[in-house]
Amino acid sequence: MTKRTDYCGQLSSDDIGRTVTVCGWVAKRREHGEYLAFVDLRDRTGIVQCVVDHAHDIRSEYVLAVTGTVRERPPETVNTDLPTGSIEIGEATVEILASAEPPPFQIDGRVEVDETIRIHHRYLDLRTGRMQQNLRSRAAISAAIRRSMEDQEFVEIETPMLIASTPEGARDFVVPSRLSPGNFYALPQSPQLFKQLCMVGGIDRYYQIARCMRDEDLRADRQFEFTQLDMEMSFADGEQVRAVVSEAVSNATEMITGQRPESIPEMSWLEAMNRYGSDKPDVRFDLELVELTEVFSGTDFNAFKASSIKGIKVEGGADMGRNQLDQLTDKAKSWGAKGLVWIKVGPSGEVTSPVAKFMSEAEISGLLSVMNAKEGDICYLVADDWRQVVHVLGLLRLELGRPPVNEGGLRFLWVVDFPLFEDVDDDGNPLPAHHPFTMPHADDLELLSNSSAPDDLLNVRSQAYDLVLNGWELGSGSVRIHRRDIQQQIFNLLGINEEESQEKFGFLMDAFRYGAPPHAGFAFGIDRLVALLVGEENIREVIAFPKSQSGADPLTNAPSSIDTAQLNELGLRVLPPAT
RNA sequence: GGUCCCGUGGUGAAGUCUGGAGUUCACGCCGGCCUGUCAAGCCGGAGGUCGCGGGUUCAAAUCCCGUCGGGACCGCCA
C-alpha cells in the first residue's frame, strides 16, 4: 500500500510543487468525459480536490490512496468555500484500497436523515462532518477537564464497575454472579461511596472521568450510561469545590468557544423555585413567575382558594387563540395542574378571561398592577399548593419562552441551599433531596435534632449545590457528612435503622470510625456539557454509539437473549412475560 | 405507567383532514454525452408490501381498531 504523506485538509499553497499521497474516502466525483474528472477526497481533516482521468469506476465512499503533485488552481476555478480551494492534486494516480456500496444515506449532510437509520449505520454516520466535529469537540472538552483537574492537583483513581447494589437512588443495572449464584453485582450509578472512602484514605483530591449507569427511562438528555467528571476533596467546603468545578467547566468552555465564561453566579434553591419554577432554571430568558397569593387572599373564586397563586405574564401574548389556550390548559393539567387561568388585557385595560366574572374589580386591578400587565399582554395563573404551582408554571414558562439550544449564550448558574429533604413518604419518613450522605446546613442542625414535625424537616437546608447550564442540570454535589453520629441521625430520620444502615453502608460507617476528614465533592455530566457547548439539543449527537429511547441499540441489537447454558451457569431462569 | 407526534422507492419531503389507477418534488443510484467542475451540467433509466395485522367500503397510503418501531414530554432519574 502506498504510504500517506499528508492529510487532505492540511494541504495549502505552501505545498505547491510537492508530490504527495493522501488517503481517504471519495466524497464526490465530478466526471467531465473520459479524460477529466474531479474527485473530492475526504479524511478527518477535510477535503481536497484531485484531478484524475479515467475516473468512471471510482465511486462514492471508495477508499483511495491518491498520489500526485500539488498545484495552484487556475484563478477562475478557485473554490473559496473550501479551505483547500486554491490548490488541487494534479495528474493524480489512484490506488483503490477498498470499493464501497452506495451508502444507505448521503454522508454530505445535504438531506436530514432519520436518526434510527443513522444509528443503525453509525459507522457511516461518524464520517459526517457533524459527528466528526462533535466527537472531536468532546475529546477536547474531556482533555481540558482532565488537564484542569491535574493542574489543580487532583489524582485520577479508577473505581470498580462491579459493586454492591444499594437501596438508594435510581434503579440499578444488575449483573448476575457466576461464582455466587443467586447473588448480583450492580453497575455503579456513581462512584459516590468509593470516592468518600478515598478521602478517608488520605487521597485528599480525587477525580475520575467515570462511566455511570442508571436504569431509568431515557430522554433527550439522558442515556442509560453516561460520563461524569466525578471529584471529591478533603478539608474543603462547598465554596472551594464550586471554585474547582467552575475552573474545569470554564476551561472546557473556552476550549470550544474561545471565550471564558464570566464568573458563575449563585442562586438559592428557594429563589430559583420562586422565580423560575425549577431547580435548574434556564436564565437565558425572563418570563419569571410572579407571586399573587396576597392579591387573592380574600377571594370568592373557589378555584383560587389555594395556599399559593402565581402567574406568568407574556408581553404581547394576547393574540393566543382559544384553541391554543385550550391546548395549553390540557398540557398544564397533564403536568398536574387543576386548571390554567388566562387573562388577556385589552386596549383600555379591560380584561378577557373565562373566569373574569368570578374575580372582583380589586382583584383584577391588583393582578394587573402586580404583574405590570399592559394592553396586548396575557397572564397565566395557577392556584394550588406552592410545590404544584411552581412546578406547573415552571414547565409552562419553558413551553412559552424557551429559546433553541443555539441561542441566548451559555448561562451557567450555581443553585445552592437545596433542602435536605424533598418530601415525606407515605410512612412519614422524609425523602432525601440529594443523597443521604449530604451534610445539613450548619445553621439548621438544630431543626434537625429538636424536631420531628415533617414541616420543620422540609425546611432544613442542606449543603448541596447543583451546576446548571441553560436549563439543564449539569451536575450536583455536596458537603458530605463525615461524622458517624450525624450520619446515623440522618439514616434514622430516613427510616433506615442501624441494622439496615450497617448492612448497606457498613463499610462507610466503619471507615468513619478511623478518622474521616471533612470532605465535599461534585459530579457533572460530560455528555450534557458537550451537547450544550456544541449546540446539540440531544446528547445522542455527542455519543458515538447511543441507545434509542427504548434502551435498544439498533446497531448491535442489544439487548439480546442469552442461551440456556449461560443462564444455567448463572443459576437463572427466565420467567414468561407477565400478561 | 401516561400524553402527544412521526412511519410513503436508497435518503428527505408532499399526498392522509375531504377514500377513487403508487401520483409528485429534491437528493442519491445506474447508463450515455461532456476537458475546469466543486449543490457540475445535459439526455435517458431503474427503483414501492405507503411499518405490520385486522376491519369498514364497490374502492384504503388516506377512515376505524390493534400492533411494532422511532421521537418529544409527564411520572421516574438519591
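Letters A, B, ... mirror the listed sequences (proteins, then strands); counts begin at 1. As a basis for the values below, the full set of heavy atoms in this structure was taken, side chains included, without hydrogen atoms, waters or symmetry mates.
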Mind checking who B/G20 pairs with, Watson-Crick or G-U wobble, both distances under 3.5 Å? B/C58
Find the distance A/Gln549:CD to B/G2:C1' and express it as a whole number of Å. 13 Å
For the CD1 atom of A/Ile89 and the CG atom of A/Leu41, what is their distance to the nearest 0.5 Å? 7.5 Å
Separation of A/Asp108 atom CG from B/G28 atom C1', in whole Å? 9 Å
Partner lookup for B/C42, please. Criteria are Watson-Crick or G-U wobble with both distances under 3.5 angstrom; report none if nothing qualifies. B/G32
By side-chain contact (heavy atoms from CB on, under 4.5 Å), which residues pair with A/Ala98, not counting sequence neighbours? A/Val63
To the nearest angstrom, how far is A/Asp53 atom CG from B/C34 atom C1'? 15 Å
Is there a Watson-Crick or G-U wobble partner for B/A26 with both distances under 3.5 Å, and which nucleotide is it? B/U11
Please answer whether B/U37 and A/Phe38 are stacked, defined here as ring centres separated by less than 5.5 Å and planes angled under 30°. yes
Is there a donor N/O on one and an acceptor N/O on the other, under 3.5 Å, for the side chain of A/Arg222 and the base of B/C76? yes
I'd like to know if A/Asp553 pairs up with A/Lys547 as an ion pair, taking the criterion as any Lys NZ or Arg NE/NH1/NH2 lying under 4.0 Å from an Asp or Glu carboxylate oxygen. no
Report the base-pairing partner of B/G69 (Watson-Crick or G-U wobble, both distances below 3.5 angstrom), or none. B/C6
Between the side chains of A/Gln132 and A/Arg42, does any donor sit under 3.5 Å from an acceptor? no
Look at the side chain of A/Glu31 and the base of B/G41, then say whether one donor and one acceptor between them are separated by less than 3.5 Å. no
Looking only at N and O atoms, is any donor in the side chain of A/Arg118 or the base of B/U11 less than 3.5 Å from an acceptor on the other one? no
Using Watson-Crick or G-U wobble geometry with both distances below 3.5 Å, tell me the partner of B/C77, or none. none
With a centroid cutoff of 5.5 Å and a plane-angle limit of 30°, would you call A/His32 stacked on B/G36? no
